[in-house]
Amino acid sequence: MARDINAAMGFVHLPDPSAPEPEEPKDLADRVAAVGWYHTIELPGGIRTPGQFDHAELLPRYGLPASLAGKRAIDVATFDGYWAFEMERRGADVTAIDLDDSADLDFPTQVKQRLSQFGPMPRMGKGFAIAHEALQSKVKRLGTSVYSLDPDKHGTFDFAHCGDLLLHLRDPLTALEHIRSVTTGSFLLCDVVDPDARPSKYGPVLSYRGGWSDVTWWVPSLEGLAQMIIDAGFASVHVNCVYRLAKTAESDGYWRASITATV
C-alpha cells in the first residue's frame, strides 16, 4: 500500500542545506518569532509564544496538583516546556526530558531512510531554551528518550507527567514501563483516545495508524489506554477528564484523556 512520505515528514521542518545559518536575534520578541512553537507560553513583557496548542483553559480540570511544593517531578517529552514550567510554578524541582535530534523521532522505516538523504536534521529544544531563559527557570532539561529513562541514571520522582507522546511512539507500553521505573508517587498522563471505541470480544482496542501522518501510530480506546497504564506496572488509574483539543489554527482535533495513576 502506497504511503505519502511527505505527510510523515511534515512533523519536522527540513532545513535548506544551502541556506546560511541565520544569526539569532537578541530581542526576546524577535527570538520568539524566529522559532516554530508547539506550546503557547506566556513570557515576560506581554509576549505570548504562537504555539500550535494552547492549554491554558485546560488547567482547572487537567489533573495537575495545585501544589507540588517539595516534590521532585519529571516532564516526559517536554517540547517547549509548558508543563515543566507550570510544575515549577507550583513548587516542584523539575527535570524535563526530550529528544535533541529530530531524526530520533519514531518515524516509519521508509521515512527514516528518506530522511537520511537530507543530512543533519533540525535540533530540538530551541523554544524551550528561549522560554527557560525568559522565565528565569531552574528546570533541568535532559536530551534523552523516554525509552532510556532509568532510575539508576536519572533517579526517581514523586510526580511524573507525560502529555501527547504515546500516539507518536512505536512502542508505547515500553515507554510507560520506563516512566513507571522512575515514578515513586503519582503519574499524570494525557494522550489521545477514541471515546466511541468499544471493547471487542477480546478486550480493549487500539486503532493502528502506522506513523504516516504526523508520526501518529496509535489511537486507543479509553479502556485501552487505562489498561496499558496498569500493564506497565501502575497500581490504579483515575480519569480526570476527557476533552477535545484542536490546534490553535484549526477547529477540530483529537479527543484526549487526562488520567492519574498511582504506584
Side-chain angles (χ1 to χ4, degrees), residues 11 38 62-65 68 71-84 86-88 92-109 112 124-125 128 139-193 204 206 208-211 215-220 222-240 256-263:
F11 195 72
Y38 180 83
Y62 188 76
L64 203 61
L68 289 167
K71 303 290 186 182
R72 189 165 189 254
I74 185 169
D75 185 28
V76 179
T78 194
F79 219 120
D80 297 325
Y82 176 85
W83 295 110
E86 182 62 29
M87 288 190 289
E88 180 182 43
D93 174 13
V94 184
T95 296
I97 72 164
D98 212 329
L99 300 174
D100 283 334
D101 190 341
S102 54
D104 293 331
L105 291 165
D106 266 357
F107 290 111
T109 300
K112 281 185 175 290
M124 299 176 68
F128 181 96
V139 172
K140 298 176 288 292
R141 185 188 184 280
L142 303 178
T144 190
S145 165
V146 63
Y147 298 133
S148 299
L149 273 179
D150 184 338
D152 292 334
K153 182 178 181 180
H154 302 108
T156 57
F157 300 87
D158 306 296
F159 181 78
H161 169 265
C162 179
D164 286 343
L165 174 65
L166 301 187
L167 75 160
H168 298 306
L169 299 180
R170 289 172 179 255
D171 194 347
L173 185 58
T174 295
L176 286 170
E177 289 173 339
H178 280 275
I179 294 172
R180 170 64 185 90
S181 74
V182 299
T183 304
T184 57
S186 60
F187 169 45
L188 176 60
L189 173 71
C190 295
D191 220 294
V192 302
V193 294
L206 291 83
Y208 177 72
R209 303 298 175 91
V215 202
T216 299
W217 288 90
W218 312 93
V219 177
L222 180 57
E223 294 83 358
L225 182 59
Q227 188 63 54
M228 290 170 63
I229 297 169
I230 294 295
D231 292 343
F234 289 93
S236 66
V237 297
H238 170 77
V239 177
N240 300 308
R256 290 164 166 83
S258 164
I259 298 176
T260 296
T262 57
V263 300

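Everything numeric in this text was worked out from a predicted model, so none of it was measured. Because only heavy atoms are used, hydrogens play no part in the values below, and waters and symmetry mates are left out as well, while side chains stay in. Start at 1 with the first residue, then count along the sequence.
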Step by step, would you call T156 with T184 a side chain to side chain donor-acceptor pair (under 3.5 Å)?
-> CA-CA 6 Å; T156 57; T184 57; 4.6 Å; no
Please confirm whether F187 and F234 have ring centers closer than 6.0 angstrom.
-> yes
Determine the minimum heavy-atom distance between F128 and A96, stating which atoms define it.
-> CE1-CB, 4.2 Å
If every non-hydrogen atom of A257 is compared with every non-hydrogen atom of V193, which pair is closest and at what distance?
-> CB-CG1, 3.9 Å
Pairwise side-chain contact, D231 with L176, heavy-atom cut-off 4.5 Å (strictly under) = no
Roughly how far, to the nearest 0.5 Å, is the OG1 atom of T183 from the CD1 atom of I74?
-> 7.5 Å
Mind checking whether L206 and M228 have side chains closer than 4.5 Å, heavy atoms only?
-> yes
Say you draw a straight line from OG1 of T78 to CE of M87; how long is it, rounded to the nearest 0.5 Å?
-> 7.0 Å
Main-chain N/O of A103 paired with D101 side-chain donor or acceptor, under 3.5 Å | yes
Straight-line distance of S181 OG to D152 CG, nearest 0.5 Å | 9.0 Å
Hey, what do you get for CG (D191) to CG (L166), rounding to the nearest 0.5 Å?
-> 4.0 Å
Are W217 and R209 close enough that some pair of their side-chain heavy atoms sits under 4.5 Å apart?
-> no
R180 (side chain) donor-acceptor with V263 (main chain) under 3.5 angstrom | no
Is Y208 reaching over with its side chain to a backbone N or O of V219, donor-acceptor style, under 3.5 angstrom?
-> no
Close side-chain approach of L169 and V215, heavy atoms under 4.5 Å | no
Any donor-acceptor N or O pair under 3.5 Å, side chains N240, T260 | yes
Does the side chain of T95 come within less than 4.5 Å of V139's, by heavy atoms?
-> no
If the plane angle is over 60° it's perpendicular, under 30° parallel, otherwise tilted; pick one for H161 and Y62.
-> tilted
Which value, rounded to the nearest 0.5 Å, describes the distance between L149 atom CG and T174 atom OG1?
-> 12.5 Å
What are the two closest non-hydrogen atoms of L142 and H154, and how far apart are they?
-> CD1-CD2, 3.8 Å
Go through the steps for L225 and L189 under the test side chain to side chain contact (heavy atoms under 4.5 Å, CB included), then give the verdict.
-> CA-CA 10 Å; L225 182 59; L189 173 71; 3.8 Å; yes
Begin from the C-alpha positions of V182 and D150 and carry the test side chain to side chain contact (heavy atoms under 4.5 Å, CB included) through to its verdict.
-> CA-CA 7 Å; V182 299; D150 184 338; 5.9 Å; no
Residue pair L105 / K112: nearest heavy atoms and the distance that separates them | O-NZ, 3.0 Å
Run the numbers on L99 and S145 for side chain to side chain contact (heavy atoms under 4.5 Å, CB included), then give the verdict.
-> CA-CA 6 Å; L99 300 174; S145 165; 3.8 Å; yes
Cationic N near anionic O, under 4.0 Å, R141 to D100 | yes
Would a 4.5 Å heavy-atom cut-off, applied to side chains only, mark K140 and D93 as touching?
-> yes
Determine whether F159 and L64 make a side-chain contact, defined as any pair of heavy atoms from C-beta on separated by less than 4.5 Å.
-> yes
Yes or no on side chain to side chain contact (heavy atoms under 4.5 Å, CB included) for I259 and H238, after CA distance, side-chain angles and deciding distance?
-> CA-CA 6 Å; I259 298 176; H238 170 77; 5.9 Å; no
With the side chain counted from C-beta on, respond yes when L188 and W83 share a heavy-atom pair under 4.5 Å apart, and no when they do not.
-> no
Trace of the side chain to side chain donor-acceptor pair (under 3.5 Å) decision for Y147 with D106 = CA-CA 11 Å; Y147 298 133; D106 266 357; 2.8 Å; yes
Pair R256 + D164: basic N to acidic O under 4.0 Å = yes
Closest approach of W218 to P172 (non-hydrogen atoms, all atoms of both residues) | NE1-CD, 3.4 Å
Here the pair of heavy atoms bringing P108 nearest to G210 is CG-O, 3.5 Å
Donor-acceptor pair, D80 side chain versus Y38 backbone, under 3.5 Å?
-> yes
